[in-house]
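Naming: A, B, ... by sequence-line order, numbering from 1 per chain.
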Amino acid sequence: MSKIIQKVKGTRDFYPQEMAQRQWLIEKLRVASEAFGYQQYDGPCLEQIDLYAAKSGEELVKEQAFVFEDRGGDPITLRPELTPTVSRMVASMQNQLTFPLRWWSFGPFWRYERPQKGRTREFFQWNIDQIGSDSVLADAELLAVAARFFREVGLTPEHVQLHVNDRELMNTELSKIGVTDAQKPEVLRLIDRLDKLPADVWDKLVLDAGLNETQLADLKTLFENKELWRNSERLVQVFQYLDDLGESAYISYDPRIIRGLDYYTGVVFEAHETEGEFRAILGGGHYADLVADVGGKPAPGVGFAMGDVVIMLVLEKYGLLPTDSIDPKTLFMTIFDEDCLPATLALLAELRQAGFKVVMSEIDRLGKQFRYADRIGVKRVLVLGPSEIEKGLVVVKDLATGDQQKVQRKDLISVLS
RNA sequence: GUGCCUGUAGCUCAAUGGCAGAGCGCUUCACUGUGGCUGAAGAUGUUGUGGGUUCGAGCCCCAUCAGGCACCCCA
């Protein structure tokens, strides 16, 4: 055999079983999205690099995007995220769209990073946003969508939690302990990195950022205060709305949630597996403006993104992924022998016309045919041999129970239904 | 982009520098109108790739590729 060319680093093959799981996931997030009236959309996977130059953190494009020249020599980027694309789509149709927009999307993205567990170079992402609304209800709604999704896939509040915070609250609280506006970005960044650094190293970095010992102590009190949210009218409302929506079990307050991206201005949130085994499942928040940088009128909103990699690892951990790679309702039609073939093909056509999914066997020993049927995962096998043809019968065997019955051919469709 | 760990049959893993193995899976048969279960027999392979050291390398050294872990960043 000649050498098999390796797949591109950080990409994954989706064999039928993995593909079935991806389709299952898409179906679940579609249900969650559409339950709240969100509409599906998508943009191109290729974008001009200029689209990312303005916004969205220079590092993402400079160091993490796949960029190449097209044949005309123009730099093209494989989209590393969807936000700039949405911004453009909204800005260029702003006068014709009805706000607030409720949009969701699922598609591939690329980032040139070192692959590791939960992180690949090619991944899929669920993006969902409510654009053009500044209300707290919108913040609560997006959190409710996420909660609905978790329930839809079978993850309970014991498995996953949505950790919520308010950036404005943190700003205010930092001012209260005397952190200057100039110091805030660095301090917020350090809060974000809290559990990644050893305690003494973290303390030193805070002091290096210009805070004194008292402020360091105040800061620690701050992010250990699980009741801090009561100081934010917005969070009080969000939690009340989520309570009214019946989703509060999935929600918890966490003063350490900051989010790296600069454009978040209000409520921010991340979903984590409760045992802390994986990186964030999804992340998002409220932004003051999505489109100004691409030349539109200001459009505030709230949204989140969920990559496929981490959520699949979490679902696998809890045994919630489907394992069938073929629809188990699919039927299997054996072929008894050459002489029975015409009658078998006629029956196949009839069943498919009636809406059944039916796999046709190969002419072989019946035992082999059953074995194949069992291995591809179908649950019911039909046999049409000489004696059945003579008597107008079809044998239906249930592979799970081993039960087998002879059915009048005219009754077959109703028996199978 | 930085540091570290790993790479042997389809899968999970063994093998003091001295004939490359086990379990599971796979193929065939027992079983010419029936899968799973059982029994018997059989095939697993350029030890990721390319160099080097050595009488001799899966094992030691170098490079490279891939995966994993910690950074960085984030989904």
Just call it for [X]: base, sugar-phosphate, or nothing, with non-hydrogen atoms closer than 4.0 Å on any strand.
| X | result |
| --- | --- |
| A/R189 | sugar-phosphate |
| A/R12 | nothing |
| A/A373 | nothing |
| A/T11 | nothing |
| A/L282 | sugar-phosphate |
| A/A271 | nothing |
| A/R193 | sugar-phosphate |
| A/I281 | sugar-phosphate |

- Hey, which sits more toward the 5' end of RNA chain B by its nearest nucleotide, A/G10 or A/D374?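 Taking each residue's closest nucleotide, the earlier one in sequence belongs to A/D374.
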- Message: Quick check on RNA chain B: between A/F123 and A/V8, whose nearest nucleotide comes earlier from the 5' end?
- Response: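 First, find each residue's nearest nucleotide; the 5'-ward one identifies A/V8.
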Presence of donor-acceptor pair under 3.5 Å, side chain of [X] and base of [N]:
| X | N | result |
| --- | --- | --- |
| A/E270 | B/A75 | no |
| A/R114 | B/G3 | yes |
| A/R119 | B/C73 | yes |

- Task: Let me see the working for A/Q408 and A/L393 under side-chain contact (heavy atoms from CB on, under 4.5 Å), right down to the final yes or no.
- Result: CA-CA 5 Å; A/Q408 290 290 331; A/L393 298 170; 3.5 Å; yes
- Message: According to side-chain hydrogen bond (donor to acceptor under 3.5 Å, both in side chains), who are the partners of A/E27, at least two apart in sequence or on a separate chain?
- Response: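 If we apply the side-chain hydrogen bond (donor to acceptor under 3.5 Å, both in side chains) test to A/E27, skipping adjacent residues, there are no hits.
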- Query: Given atom CZ of A/R121 and atom P of B/C65, what is their separation to the nearest angstrom?
  - Reply: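 Roughly 11 Å, once rounded to whole Å.
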- Item | Output field: ring centroids A/W126/A/Y38 closer than 6.0 Å |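 No.
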- Message: It should be established whether A/R259 places a side-chain nitrogen or oxygen under 4.0 Å from OP1 or OP2 of nucleotide B/A75.
- Response: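 Yes, because at least one side-chain N or O of A/R259 sits under 4.0 Å from OP1 or OP2 of B/A75.
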- Query: Which atom names give the shortest non-hydrogen contact between A/L162 and A/F269, and what distance separates them?
  - Reply: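 Looks like CD2-CD1, 4.4 Å.
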- Item | Pair A/D134-A/H286, side chain to side chain donor-acceptor pair (under 3.5 Å): steps then yes or no | CA-CA 8 Å; A/D134 220 357; A/H286 189 107; 2.6 Å; yes
- Given that both pair distances must be under 3.5 Å and the pair must be Watson-Crick or G-U, what runs of three or more consecutive pairs involve RNA chain B?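 The stems that RNA chain B takes part in, listed by first number, are B:1-7 with B:65-71, B:10-13 with B:21-24, B:26-30 with B:38-42, B:48-52 with B:60-64.
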- Message: With salt bridge (charged side-chain N to carboxylate O under 4.0 Å, His left out) as the rule and sequence neighbours excluded, what pairs involving residues 269-288 of chain A come up?
- Response: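 Every pair satisfying salt bridge (charged side-chain N to carboxylate O under 4.0 Å, His left out) with a residue in residues 269-288 of chain A: A/R259-A/E270, A/E273-A/K317, A/E275-A/K317, A/E277-A/K317.
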- Task: Would you give a per-nucleotide map of nucleotides 26-34 of chain B, 5' to 3', where B means the base has a protein non-hydrogen atom under 4.0 Å away, S means only the sugar-phosphate does, and - means neither?
- Result: SSSS-S-BB
- Item | Base versus backbone protein contacts along nucleotides 6-13 of chain B [heavy-atom cut-off under 4.0 Å; B, S, -] | --------
- Message: Applying salt bridge (charged side-chain N to carboxylate O under 4.0 Å, His left out), can you list everything that pairs with A/K117, at least two apart in sequence or on another chain?
- Response: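 If we apply the salt bridge (charged side-chain N to carboxylate O under 4.0 Å, His left out) test to A/K117, skipping adjacent residues, there are no hits.
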- Apply the side-chain contact (heavy atoms from CB on, under 4.5 Å) test between A/V394 and each candidate in A/L416, A/L412, A/V383; give the one that qualifies.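 Considering A/L416, A/L412, A/V383, a side-chain contact (heavy atoms from CB on, under 4.5 Å) with A/V394 is found only for A/L412.
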- Message: Tell me which one of A/R12, A/Q21, A/R22 satisfies side chain to side chain donor-acceptor pair (under 3.5 Å) with A/D308.
- Response: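 The option that passes is A/R12.
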- Query: Can you check whether A/I258's main-chain N or O pairs, donor with acceptor, with A/R167's side chain at less than 3.5 Å?
  - Reply: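 Checked: pair present.
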- Item | Donor-acceptor pair, side chain of A/D289 and main chain of A/V291, under 3.5 angstrom |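 Answer holds: yes.
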- Task: Find the distance between OG (A/S361) and CD1 (A/I335) and round it off to the nearest 0.5 Å.
- Result: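 One gets 5.5 Å once the value is rounded to the nearest 0.5 Å.
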